[in-house]
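What follows is one structure encoded as structure tokens, with my remarks underneath.
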Amino acid sequence: MNGRKVNRRAVLGIGGAALVAAGLGWSIFEPKRPGKLLRSRAPLPKPFEARLVVPPVLQGDQIVQREAELRILPGLTTRAWTYNGSFPGPTVVSRSGRPAAVTHRNQLSEATVVHLHGGHTPAAADGYPIDYLLPETATTMAHHGDMPMGDVAKGSRTYTYPMAQRAATLWYHDHRMGFTGPAVYRGLAGFHLVRDDEEDALPLPRGERELPLMITDRAFEEDGSFRYPEGDDEYMNGVLGDVVLVNGLPWPVHEVDPARYRLRLLNASNARRYRLELDPQPPGGRAFVQIGSDGGLLEKPVRHDTLEVAPAERFDVVVDFGRYRPGTRVRLVDRDGGDVMRFDVTGGGRGDDSGVPDRLSAGAGPLPPAVRTRTFRFNRAANGMWRINDLEYRPGRALARPRLGEVERWRFVTDFHHPIHLHLNHFQVVSRNAAEPGPYDSGWKDTVDLRASEAVEIAVRFTDYTGTFMLHCHNLEHEDMAMMADFTVE
């Protein structure tokens with residue numbers, strides 16, 4: 001990857017051909033697959049040769065952001081930006097109600113910002129996109145040009161998370177303005193799991209039968225380095241790689257007992273949307289028993305044959321591999337793109353005393369009626385920039401000023417495909433296209449998949465913290481191209 005970043009000035013220099021294409025409308029894009037495929041120049045590895053690796057749990061309270069040489073493709077090394085030298089970074093495990101403090105040290109060559117995605121945090125710890133953490137060796141901010149600066153720290157920053165939230169699958173990643181896509185693509189992403197007493201009391205699979213699975217897609221240069229099209233206008237609609245990684249390895253395989261497993265599925269891809277299925281399906285189908293979404297446990301389990309997972313969404317599911325005969329090789333596939341990974345069902349292993357109760361959580365009830373409704377329109381300008389309510393992102397310009405503790409209904413309307421992410425509080429989807437929520441809208445969410453020409457309404461109540469937070473598209477190329485907005489809780 002070269003050092004040239006995607007930024008607003010590069011986009012504003014789009015040539016006439018791109019402007020003509022923008023004038024043609026959205027028919028030039030494939031609606032089921034936002035983005036453009038970027039092919040690797042390195043030979044593609046064979047699927048199911050790498051063994052799945054579960055990210056290590058963070059020991060202590062410090063994470064070092066540094067470059068590292070990773071072995072992702074056979075016979076090649078990939079220089080990555082990492083948290084503590086691994087991709088994904090170490091898994092942070094916290095306890096609901098117990099504040100957690102994580103200190104990040106920046107030993108990279110560029111500024112970073114850390115966002116705890118799904119975290120219920122004060123504004124100072126939320127990872128506002130211009131609250132830069134400069135490298136330890138930084139002397140100037142010249143490489144940012146005319147970008148504004150917020151709360152800037154040099155060398156290290158401690159992010160304090162109150163953990164006043166339910167058990168859930170969160171993740172942390174870079175959130176720097178104009179550079180989120182390249183930074184996450186280079187490796188700056190990791191899990192953050194929150195646990196609580198309510199979840200611990202359930203007989204869910206645990207230990208080795210609880211697997212956090214970060215799904216990403218990447219392309220590679222001939223020498224094994226990540227290939228990312230920085231400054232290339234053709235990829236402004238999103239970058240799709242031709243190698244699917246699970247926990248940083250290509251199409252891995254994992255041996256499982258004939259027992260129930262809890263899979264914490266995270267789509268950490270920049271732009272790719274997955275339609276996940278198991279192949280073969282178990283007898284009777286309904287392989288995925290969803291127990292949780294972005295914001296934690298559902299009220300009761302929901303069964304699926306297929307999971308449609310947009311960038312940044314999490315699906316917490318239980319799969320009973322005891323429904324398969326020992327020796328079965330079960331592929332996790334993306335029906336829009338091919339293999340993801342494989343589970344090999346063994347004939348042994350200890351017994352299985354886990355289960356999925358009919359009722360999971362008392363904390364998933366509906367919100368009271370809203371006191372006001374706001375509308376946010378997501379579209380693209382003729383100059384190629386992505387916009388919200390016809391405005392390109394400008395730090396400090398709030399598009400909404402909700403009041404602390406009040407319930408609001410926010411209506412998201414789009415002319416193209418966008419996964420919309422809301423900071424500070426989780427929300428509930430109350431309608432999709434003026435009808436009932438979709439099959440993947442259950443529970444508390446922080447990201448909702450908005451398809452072309454759809455309108456989705458959510459109910460949200462901002463609690464505990466005033467200040468400025470973010471609403472944005474989580475197609476990271478869209479985010480970097482100004483599809484963000486501030487809102488200020490008063």
Side-chain angles (χ1 to χ4, degrees), residues 94-102 113-131 150-151 157-168 170 172 175 192 194 196 198 293-297 312 361-377 388-389 391 393-412 420-431 441 443-448 456-474 484-490:
S94 297
R95 193 80 191 171
S96 177
R98 298 180 187 173
V102 181
V113 175
V114 180
H115 171 52
L116 178 57
H117 187 119
H120 181 57
T121 64
D126 188 52
Y128 192 64
I130 57 173
D131 286 350
D151 179 14
R157 187 196 296 274
T158 298
Y159 295 86
T160 301
Y161 306 123
M163 289 295 121
Q165 60 188 109
R166 308 164 66 226
L170 314 182
Y172 62 101
H175 204 260
H192 188 135
V194 184
D196 66 12
E198 180 185 49
S293 55
D294 303 337
L297 292 172
S361 176
L367 288 168
V371 299
R372 68 184 58 85
T373 299
R374 304 179 192 269
T375 298
F376 298 88
R377 299 179 305 277
I388 301 177
N389 286 353
L391 295 171
Y393 179 62
R394 188 179 74 197
R397 177 171 59 192
L399 297 195
R401 294 185 176 274
R403 295 176 181 173
L404 192 68
E406 292 185 344
V407 178
E408 296 198 348
R409 182 170 287 205
W410 286 16
R411 186 170 185 260
F412 301 147
I420 306 305
H421 173 47
L422 185 63
H423 289 213
L424 180 58
N425 277 83
H426 292 92
F427 55 79
Q428 295 175 336
V429 179
V430 296
S431 72
D441 293 332
W444 291 95
K445 303 279 292 175
D446 58 48
T447 306
V448 62
V456 168
E457 290 191 349
I458 68 167
V460 61
R461 176 166 52 197
F462 298 110
T463 59
D464 298 325
Y465 311 118
T466 58
T468 298
F469 299 88
M470 302 293 303
L471 166 70
H472 62 85
C473 178
H474 219 284
M484 299 194 296
D486 288 356
F487 65 90
T488 300
V489 180
E490 299 178 331

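For Arg397, the CZ atom counts as densely surrounded, since its 6.0 Å shell holds more than 12 non-hydrogen atoms of other residues, nucleotides or ligands.
The distance from the OG1 atom of Thr121 to the CG atom of Leu424 is 7.0 Å, given to the nearest 0.5 Å. Atoms CG and CZ, on Leu399 and Arg394 in that order, are 10.0 Å from each other to the nearest 0.5 Å. Atom OH of residue Tyr161 and atom CG of residue Leu170 lie 10.0 Å apart, to the nearest 0.5 angstrom. Of the inter-residue distances, the one linking Met163 atom CE with His120 atom NE2 reads 10.5 Å to the nearest 0.5 angstrom. Of the inter-residue distances, the one linking Gln165 atom CD with Ser96 atom OG reads 7.0 Å to the nearest 0.5 angstrom. In this structure, His426 NE2 and Asp294 CG are separated by 6.0 Å, a value rounded to the nearest 0.5 Å.
Across every non-hydrogen atom of Thr466 and Glu490, the tightest pair is CG2-C, 3.9 Å. The shortest heavy-atom contact between Ser94 and Ala100 is OG-CB, 3.6 Å. Of all non-hydrogen atoms in Ala400 and Phe376, the two that sit nearest each other are CB-CZ, 4.1 Å. Closest heavy-atom contact between Pro395 and Ile130: CB-CD1, 3.8 Å. Counting all heavy atoms, side chain and backbone alike, Asn389 lies closest to Thr375 at ND2-O, 3.3 Å. Annotation for Ile420 and Leu471: closest pair CG2-CD1, 3.5 Å, computed over non-hydrogen atoms.
The pair Glu408-Arg372 meets the salt-bridge criterion, with a side-chain N (NZ, NE, NH1 or NH2) lying under 4.0 Å from an Asp/Glu carboxylate O. Using a 4.0 Å cut-off between charged nitrogen and carboxylate oxygen, Asp151 and Arg157 count as a salt-bridge pair.
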**Report entry** Candidate pair His423 and Tyr128, rule side chain to side chain contact (heavy atoms under 4.5 Å, CB included), full reasoning
**Finding:** CA-CA 10 Å; His423 289 213; Tyr128 192 64; over 6 Å; no

Requested in this report: Just do the side chain to side chain contact (heavy atoms under 4.5 Å, CB included) check on Phe487 and Arg374 with the steps written out, would you?
Outcome: CA-CA 12 Å; Phe487 65 90; Arg374 304 179 192 269; over 6 Å; no

Query raised in the report: What do the steps show when you test Phe412 against Val448 for side chain to side chain contact (heavy atoms under 4.5 Å, CB included), and what is the final call?
Result: CA-CA 10 Å; Phe412 301 147; Val448 62; 4.0 Å; yes

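Not one N or O on the side chain of Asp486 forms a donor-acceptor pair closer than 3.5 Å with the backbone of Thr468. Judged by distance alone, with hydrogens and angles left aside, the side-chain atoms of Thr160 form no donor-acceptor pair with the main-chain N or O of Ala101 at under 3.5 Å. Looking at Gln428, its side chain does come within 3.5 Å of a backbone N or O of Leu367 through a donor-acceptor pair. Asn425 places a side-chain N or O within 3.5 Å of a backbone atom of Thr463 that can act as its donor or acceptor partner. Judged purely by atom type and a 3.5 angstrom limit, Glu198 uses its side chain to pair as donor or acceptor with the backbone of Ala362.
Here the options are His472, Lys445, His115, the test is side chain to side chain donor-acceptor pair (under 3.5 Å), and the partner is His421; only His115 passes. With His117 as the fixed residue, the ring-ring contact (aromatic ring centres under 6.0 Å, His included) test singles out one of His474, His192, His175: His474.
The shortest distance between side-chain heavy atoms of Phe427 and Leu422 falls below 4.5 Å. The closest side-chain heavy-atom distance from Pro129 to Val113 is not below 4.5 Å. The shortest side-chain heavy-atom distance between Phe462 and Phe469 does not fall under the 4.5 Å cut-off.
When the salt bridge (charged side-chain N to carboxylate O under 4.0 Å, His left out) test is applied to Asp446, the partners found at least two apart in sequence or on another chain are Arg314.
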